Amino acid sequence: MHYTIFELDQYRNHAMSWFRRTFCRLHLLHCHRCRERLTRLRLDDMLILDLKKSEQKMDIPENPLEYHRLCDIFHDEMKEHKSTV
Ligand SMILES: [Zn+2]
């Protein structure tokens, strides 16, 4: 039995009861797979933080239209990136 991403997210955000948390921690101690997934959740967090920081740096205009245009550009780049892999 492995933990789901949802459960690992709960563990990470301290949304689990201490009882389940203890079990989860024990599982993580010897389960490489769940540890990897937990690490990936943390990396996602860092990525989001990074995006937020770069947003601030880019000084995104208040105008929502401009903002959506930037989102579209970003989205297209993501798609291109995926198709090249
Ligand atoms: Zn596991």
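Bear in mind that the values here come from a model prediction, so they are computed numbers and not experimental data. Just so you know, ligand 1 is whichever comes first in the structure, and atom 1 is the first atom listed for that ligand.
- In the model, Thr4 has a side-chain atom that pairs as donor or acceptor with a side-chain atom of Glu7 under 3.5 Å.
- At a cut-off of 2.8 Å, His27 coordinates the Zn ion (ligand 1) through an N, O or S atom.
- Counting non-hydrogen atoms of other residues, nucleotides and ligands closer than 6.0 Å to CZ of Arg21 gives a total above 12.
- Of the angles at the Zn ion (ligand 1), the one spanning SG of Cys34 and SG of Cys31 is 110° when given to 10°.
- Asn13 places a side-chain N or O within 3.5 Å of a backbone atom of Asp9 that can act as its donor or acceptor partner.
- Taking the Zn ion (ligand 1) as reference, the nearest N/O/S atom within His2 carries the name ND1.
- A cation-pi contact, defined as under 6.0 Å to the ring centre and within 45° of the axis, is absent between Arg25 and Tyr11.
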